[in-house]
Peer 1: 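Let me begin by handing over the structure; questions about it come next.
Chain letters run A, B, ... following the sequence lines, proteins first, then strands; residues in each count from 1.
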Amino acid sequence: MSMPEKPSLDGLEAKWNEWWQASGTYRFDRSKARERVYSIDTPPPTVSGSLHVGHVLSYTHTDLVARFQRMRGLEVFYPMGWDDNGLPTERRVQNYFGVRCEPSLPYDPVYDYSALERPEDRDQIPLSRQNFIELCGRLTVEDEKAFEDLFRHLALSVDWDHTYTTIGERSRRASQRAFLRLLANGHAYTAEAPTMWDVDFKTAVAQAEIEDREQEGQYHRIAFDREDGGTVEIETSRPELIPACVALVVHPTDERYAALVGSTVLTPLFRVPVPVMAHALADPEKGTGVAMICTFGDVTDVTWWRELGLPARVIMQKDGSIGKKTFGEPGWESRDPAAANAALAQIAGMYGKKARKKIVEMLTASGHLLGEPQTIKHPVKFYERGERPLEVISSRQWFVRTLEHREDLLRRGAELAWHPPFMRARFDGWVQGLNADWCVSRQRFFGVPFPIWYRLDENGDANYTSPLVPDEARLPVDPLADVPDGFTAGQRGQAGGFTGDPDIMDTWATSSVTPQIASGWEDDPDLFSRVFPMDLRPQSHEIIRTWLFYTVLKAELEHSSLPWTDVAISGWVLDPDRKKMSKSKGNVVTPLGLLEQHGSDAVRYWAASARLGADASFDEQQMKVGRKLAIKILNASRFTLGMEAVPGEVTEPLDRSMLAALRDVVERATKAFAGYDHARALDLAETFFWAFTDDYLELVKQRAYGAHGESGAASAVGALRTALDVLLRLFAPFLPYVTEEVWSWWRPGSIHRATWPAAEDMGAGAAQGDLAVYQLGADILTAVRKEKALQKVSLRAAVDLVTVHDVPERLDLLRHVEPDLIEAGNITRIERALAETPSVVTVLAPVEG
RNA sequence: GGGCGAUUAGCUCAGCUGGUUAGAGCGCAUGCUUGACAUGCAUGAGGUCACUGGUUCGAGUCCAGUAUCGCCCACCA
């Protein structure tokens, strides 16, 4: 045994990290069969951002499970991914190097990237997609290194040999393969349809990426002229869309307007004849009860347009400006085309607000604007990363069917074990509220391309109904660089030739196959068979509707199974103002700073104290408590292991009682941990441990030193060692450094490969232990201390007489702890007195001198 | 507007299937250098368990409602 004279936490992290790495403590042994494996679908952090306290919380939670399951004898598959796919990286690489992704360019395999690393280069140099990906790799490799260092420092027991990046070749291959199979099975389709569109990023977005923001707007009351001379009034917040108006709509039962239904009215300024129709979605309570249907102002317009079979008159362009159209041409009928074209010319080329202002002036002049516009607050749909409201724009997109799988997905959601269970409601709510299939294509450049080409007919028009697909063995492909089988590069873009699909996939199309990517799907069937479907998906609650939902969807459609059996949802870290940490002072509190200041074990202790699903308050005080616990473990261990007596059979009733109590703790902590309640497991171990040092250690200290002979000492030291051995293992998942340190003093190998404690570890003595003995000893010791504290004397102060008032059963047990109590309390003699209540009362005789 | 969660000591939180006087840690107060630990130890003072009803022999715990806070979803005429 090699035990330091003065144990300390300093230096433990560097020391053990190096050792764990060198000895492969956390390496996954892929010889184990699936039932002996516990596999984790680790969330890949976005490498274009930085890690914050929230990551520390949730990644620690995952690591606790990993360590627990590893100690329980399962081979833990705990990979790490880096999310460098998508818009954040695209923008970062763009700004950092002064480049842009230009997918039409051919790949240059010998590109000299070092030339880009001059800060004065800001000219948006175009790069091929493959070169852009490589450049991304150059930038993110540094971030990934920093992230890995932090995660190692935090002691995540990840197998660093199993990593992936979401833009990497394996991820692209898996994403493309998944897509091709969806296509082959009819789950993916392409369609020209109105979809939510971001006018700044100029791409379609999916329902899951949309958020509502409260915005100020104005209701304008506007008159439409009836052919018989009267008017119909509507209210709209978007008068600039009047030229796109294709109908008015009222509720079928709205008697005020019943006579109007079926008639034709003229739009103001543009004099376009539009029908008045009836539809149940029209709300009589809103505005005048008459709604203007435009192509397209919002998603309700899309519904009306589709269900009422209306024509489309689209004026909104993909950049959010009003386009030029010619009234009088087919589809753009007007009773006064000249006036209509003049009116449109006034707003053409303008964006939202400006166009609105202009058309309001025109409506005022024409007398169609009634009264003053009413300022209102209303929710407006935004792309979650966007700055301008979304428009509904018709375009060709790829979709994955979700609506028709609603029931299957709900059933899968019910099969999944949610921790905590109430989080399932978010999934169910989202699935039930789905209103569109998953729009999976993005008109961006940096991401996984669709592995799709289209034949061009003799006119050069693309054939979208039977796309050309590559053999899976060719994946990943870039359709703008690679050529479909049976064609030559020269046929690209030629009539009778082919064209590549220019779009990339939604970043979630890749993220939703992280279990497959990490498991080596098709690339490594042997690994896949041992780890998939996985056991655990850890994540936070705000991405249940995206990451969790899409992953369940993909696994259902491809594997007809769940991607994992359990999902653990961590909460957020809230600052003292109860605001989400990353949004308030996330930049001032850096995870590395915390680890350095308090120590990783201490920070992990804070994280482990928070239950799954519950938001944790950022509390450095709690970290200090964790540090105190780690130090206490060092000292109590040194004390226990420093006993010179030879440990022997545990014969003393007090020792057996303590072990019996510990056995109870082991059983309860194991049950809690197995049920993903790590906070409870920690609390149980910790509560026992502090009582162990405060009471048990004090009670047996003198006996362990040999005050009552060899066998008494042997029993005490034997019990102490057993308890320490078990306690260290109970704490190992929470405090990996300090427990490894103490373990190294007297045990071979890593504690993190040791077996999780079991009831048998407490030995035969514990089986005969009576919990009441330990309790009684602690009660009396506390009472004696209390008296000394009241008398303001030292705890070592000598006492003549202690009288124990208690019930007969407890008085009977007193003989088991009497000698230890006499030593621990420095008491001369103990007298017994019968009492009615089972509570212990001790009265001290006057303290000696 | 719909849903989920929270509300227990000054602060951060436990309190599992309802059962004697509601717990812990921090902070605070008062003491104590005792042969593991002053990065320590002991003792103590702090609570009408958000509110209102109800069920029950008995409610922090179950039910209904109210309030406040947080989150998710819906809401563009």
Side-chain angles (χ1 to χ4, degrees), chain A residues 6-9 211-212 214-215 217 219-220 234-238 241 248-249 281-283 286-294 297-301 304 376 378-381 389-390 392 420 422-430 432-433 435 541-542 544-545 571-572 574 576 578-580 606 609-611 613-619 621-622 624-625 627-643 668 671-672 675 677 679-680 683 686-687 690 693-694 697-698 701-702 705 781-782 784-797 824 826 837-839:
Chain A
K6 182 92 180 151
S8 158
L9 298 178
E211 66 183 26
D212 286 347
E214 192 76 9
Q215 297 280 305
Y219 275 160
H220 306 80
I234 62 119
E235 279 193 353
T236 179
S237 60
R238 302 197 61 186
L241 291 179
L248 298 187
V249 66
L281 274 182
D283 183 352
K286 276 194 184 173
T288 63
V290 186
M292 167 174 87
I293 303 177
C294 303
D298 62 23
V299 286
T300 318
D301 281 343
W304 281 325
I376 49 139
H378 62 167
V380 179
K381 285 190 190 309
L390 292 170
V392 179
F422 67 78
M423 285 295 179
R424 185 186 144 200
R426 307 233 177 162
F427 179 84
D428 288 357
W430 180 254
Q432 281 154 359
N435 59 30
H541 44 75
E542 78 270 21
I544 288 175
R545 70 174 181 175
W572 288 342
L574 304 180
R578 309 303 290 178
K579 290 277 183 296
K580 190 181 175 187
W606 160 76
S609 304
R611 296 182 345 262
D615 292 338
S617 46
F618 179 71
D619 187 358
Q621 202 63 49
Q622 191 67 4
K624 290 180 182 161
V625 172
R627 186 175 179 86
K628 204 174 112 168
L629 173 63
I631 291 169
K632 192 75 172 177
I633 288 173
L634 280 181
N635 285 313
S637 301
R638 190 173 88 93
F639 171 73
T640 296
L641 297 175
M643 289 291 169
R668 289 160 68 201
K671 198 174 163 211
D677 190 354
R680 187 167 182 77
D683 185 59
E686 193 190 4
T687 302
W690 283 107
T693 58
D694 294 347
L697 240 46
E698 292 302 327
K701 187 185 279 186
Q702 297 304 321
Y705 281 131
L781 187 62
T782 300
V784 172
R785 282 180 191 141
K786 177 174 176 170
E787 197 59 34
K788 289 183 179 178
L790 286 174
Q791 298 193 23
K792 303 194 175 184
V793 298
S794 158
L795 292 179
R796 287 299 304 155
N826 201 6
T837 57
S839 63

Peer 1: Among residues at least two apart in sequence or on other chains, which ones pass ring-ring contact (aromatic ring centres under 6.0 Å, His included) with Phe639(A)?
Peer 2: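 ring-ring contact (aromatic ring centres under 6.0 Å, His included) check on Phe639(A) returns nothing, list empty.
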
Peer 1: Please tabulate, one pair per line, each protein N/O and nucleotide N/O from nucleotides 7-12 of chain B that are separated by under 3.5 Å, including the distance.
Peer 2:
| unit_1 | atom_1 | unit_2 | atom_2 | d |
| --- | --- | --- | --- | --- |
| rU12(B) | O3' | Ser617(A) | OG | 2.6 |

Peer 1: If pairing requires Watson-Crick or G-U wobble contacts with both distances under 3.5 Å, which nucleotide is the partner of rG65(B)?
Peer 2: rC51(B)

Peer 1: Taking CZ from Arg668(A) and C1' from rC16(B), how many angstroms apart are they, rounded to a whole number?
Peer 2: 9 Å

Peer 1: Heavy-atom nearest nucleotide on RNA chain B for Val249(A) versus Met643(A): which residue maps closer to 5'?
Peer 2: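 It is Met643(A), whose closest nucleotide lies nearer the 5' terminus.
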
Peer 1: Taking CG from Asp428(A) and P from rG5(B), how many angstroms apart are they, rounded to a whole number?
Peer 2: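 For the pair Asp428(A) CG and rG5(B) P, the rounded distance is 13 Å.
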
Peer 1: Does rG70(B) have a Watson-Crick or wobble partner in any strand here, with both distances under 3.5 angstrom, and which is it?
Peer 2: rC4(B)

Peer 1: For Trp606(A) and Ser617(A), indicate whether the former's side chain and the latter's backbone hold a donor-acceptor pair under 3.5 Å.
Peer 2: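 Yes; judged by distance alone, with no hydrogens or angles, the pair exists.
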
Peer 1: To the nearest 0.5 Å, how far apart are OG1 in Thr693(A) and CD1 in Ile633(A)?
Peer 2: 10.0 Å

Peer 1: Report all interatomic pairs (protein N or O, nucleotide N or O of nucleotides 37-47 of chain B) with separations under 3.5 Å.
Peer 2:
| unit_1 | atom_1 | unit_2 | atom_2 | d |
| --- | --- | --- | --- | --- |
| rC37(B) | O2 | Lys632(A) | NZ | 2.9 |
| rC37(B) | N3 | Lys632(A) | NZ | 3.0 |
| rC41(B) | OP1 | Lys632(A) | NZ | 2.7 |
| rA42(B) | OP1 | Asp694(A) | OD1 | 3.0 |
| rA42(B) | OP1 | Asp694(A) | OD2 | 3.1 |
| rG44(B) | OP1 | Lys786(A) | NZ | 3.4 |

Peer 1: What is the separation between atom CD on Gln432(A) and atom C1' on rC73(B), rounded to the nearest whole Å?
Peer 2: 11 Å

Peer 1: Go through it in stages, so that I can follow the logic: the residues are Val299(A) and Asn435(A), the test is side-chain contact (heavy atoms from CB on, under 4.5 Å), and I'd like the CA-CA distance, side-chain angles, deciding distance and then a yes or no.
Peer 2: CA-CA 10 Å; Val299(A) 286; Asn435(A) 59 30; 5.9 Å; no

Peer 1: Taking all atoms of both residues into account, what is the closest heavy-atom pair of Pro7(A) and Arg638(A), and its distance?
Peer 2: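 Scanning both residues completely, I find the closest heavy atoms to be CD-CD, 3.2 Å.
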
Peer 1: Can you see which heavy atom on Lys788(A) is nearest to which on Ala797(A), and at what distance?
Peer 2: NZ-O, 2.8 Å

Peer 1: Say we look at rG70(B) and rA29(B): how far apart would their C1' atoms be, to the nearest angstrom?
Peer 2: 35 Å

Peer 1: Which part of the nucleic acid does Leu697(A) contact within heavy-atom distance under 4.0 Å: base, sugar-phosphate only, or nothing?
Peer 2: base

Peer 1: Looking at rC57(B), which nucleotide sits across from it as a Watson-Crick or G-U wobble partner, both distances under 3.5 angstrom, or is there none?
Peer 2: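 Partner of rC57(B): rG19(B).
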
Peer 1: Base, sugar-phosphate, or nothing: which does Asp283(A) touch, judged by heavy atoms less than 4.0 Å apart?
Peer 2: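 It contacts base atoms.
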
Peer 1: Going from CG on Leu634(A) to NZ on Lys632(A), what distance comes out if it is rounded to the nearest 0.5 angstrom?
Peer 2: 11.5 Å

Peer 1: With C1' as the reference atom in both, quote the distance from rG35(B) to rG60(B) in angstrom, rounded to an integer.
Peer 2: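 Result for the C1' pair: 46 Å, nearest Å.
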
Peer 1: Quick one: pull up CD in Glu698(A) and CZ in Arg785(A) and give me the separation to the nearest 0.5 Å.
Peer 2: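 One finds 6.0 Å between CD of Glu698(A) and CZ of Arg785(A).
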
Peer 1: Can you identify which nucleotide, out of rC75(B), rG31(B), rU34(B), has its nearest atom closest to the Arg796(A) side chain?
Peer 2: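 Given the options rC75(B), rG31(B), rU34(B), the side chain of Arg796(A) is closest to rU34(B).
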
Peer 1: Using whole Å, what does the distance between atom P of nucleotide rU34(B) and atom CG of Asn826(A) come to?
Peer 2: 12 Å

Peer 1: From the set rC73(B), rG5(B), rC71(B), return the single nucleotide nearest to any side-chain atom of Phe422(A).
Peer 2: rG5(B)

Peer 1: Can you check the distance between rU33(B) and rA42(B), where both ends of the measurement are the C1' atom (answer in whole Å)?
Peer 2: 13 Å

Peer 1: Just to confirm, is there a sub-4.0 Å distance from OP1 or OP2 of rC73(B) to any side-chain nitrogen or oxygen of Arg545(A)?
Peer 2: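 So the side-chain polar atoms of Arg545(A) do come within 4.0 Å of the phosphate oxygens OP1 or OP2 of rC73(B), strictly under.
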
Peer 1: Please give the nucleotide sitting opposite rC26(B) as a Watson-Crick or G-U wobble pair, both distances under 3.5 Å, or none.
Peer 2: rG10(B)

Peer 1: Whole-Å distance between rC13(B) P and Phe618(A) CZ?
Peer 2: 14 Å

Peer 1: Considering every strand and a 4.0 Å limit on heavy-atom distances, what is the contact class for Ala282(A): base, sugar-phosphate, or nothing?
Peer 2: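 Since a base atom lies under 4.0 Å of Ala282(A), the category is base.
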
Peer 1: Could you give the distance separating rG25(B) and rG44(B) at their C1' atoms, to the nearest angstrom?
Peer 2: 16 Å

Peer 1: Could you give the CZ-to-C1' distance, from Arg424(A) to rG3(B), as a whole number of Å?
Peer 2: 14 Å

Peer 1: Measure from the side chain of Trp430(A), starting at C-beta and using heavy atoms only, and say which of rC76(B), rC73(B), rG31(B) lies closest.
Peer 2: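 For the Trp430(A) side chain, the nearest candidate turns out to be rC73(B).
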
Peer 1: Return the nearest nucleotide to the side chain of Lys381(A); candidates are rG31(B), rC75(B), rC73(B).
Peer 2: rC75(B)

Peer 1: Does rC41(B) pair with anything, Watson-Crick or G-U wobble, both distances under 3.5 Å, and if so, with which nucleotide?
Peer 2: rG31(B)

Peer 1: Using whole Å, report how far CG of Asp615(A) lies from C1' of rC72(B).
Peer 2: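 For the pair Asp615(A) CG and rC72(B) C1', the rounded distance is 12 Å.
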
Peer 1: Nearest 0.5 angstrom please: Tyr219(A) OH to Arg238(A) CZ, how far?
Peer 2: 13.5 Å

Peer 1: Using a 4.0 Å heavy-atom cut-off, does Gln702(A) contact any base of the nucleic acid, only the sugar-phosphate backbone, or nothing at all?
Peer 2: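 Answer is base: heavy atoms of Gln702(A) come under 4.0 Å of a base.
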
Peer 1: Could you tell me the separation between the CG atom of Leu574(A) and the CG atom of Asp619(A), rounded to the nearest 0.5 Å?
Peer 2: 12.0 Å

Peer 1: Please measure how far the C1' atom in rG27(B) lies from the corresponding atom in rA50(B), and state the result in whole Å.
Peer 2: 24 Å

Peer 1: Could you check if the base of rG65(B) is syn or anti? Syn means the glycosidic torsion is within 90 degrees of 0.
Peer 2: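 With its glycosidic angle more than 90° from zero, rG65(B) counts as anti.
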
Peer 1: Let me know, please, whether Lys792(A) or Asp212(A) comes out on the 5' side of the other along RNA chain B by nearest nucleotide.
Peer 2: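 This one resolves to Lys792(A).
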
Peer 1: C1' atom, rC49(B) versus rU8(B): distance in rounded Å?
Peer 2: 4 Å

Peer 1: Starting at atom NE2 of His378(A), determine the distance to atom C1' of rA74(B), rounded to an integer number of angstrom.
Peer 2: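 Those two atoms, NE2 and C1', are 16 Å apart.
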
Peer 1: Report the distance from atom CD1 of Ile293(A) to atom CG of Leu241(A), rounding to the nearest 0.5 Å.
Peer 2: 13.0 Å

Peer 1: For atom P, what is the distance between rG5(B) and rC76(B), given to the nearest Å?
Peer 2: 28 Å

Peer 1: Go through rG31(B), rC76(B), rG25(B) for me and flag the one nearest to the Val625(A) side chain.
Peer 2: rG25(B)

Peer 1: Over 60° means perpendicular and under 30° means parallel, so tell me whether His541(A) and Trp572(A) are parallel, tilted or perpendicular.
Peer 2: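 Tilted: the ring planes of His541(A) and Trp572(A) meet at 30° to 60°.
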
Peer 1: How far does the P atom of rC73(B) sit from the matching atom of rA59(B), given to the nearest Å?
Peer 2: 40 Å

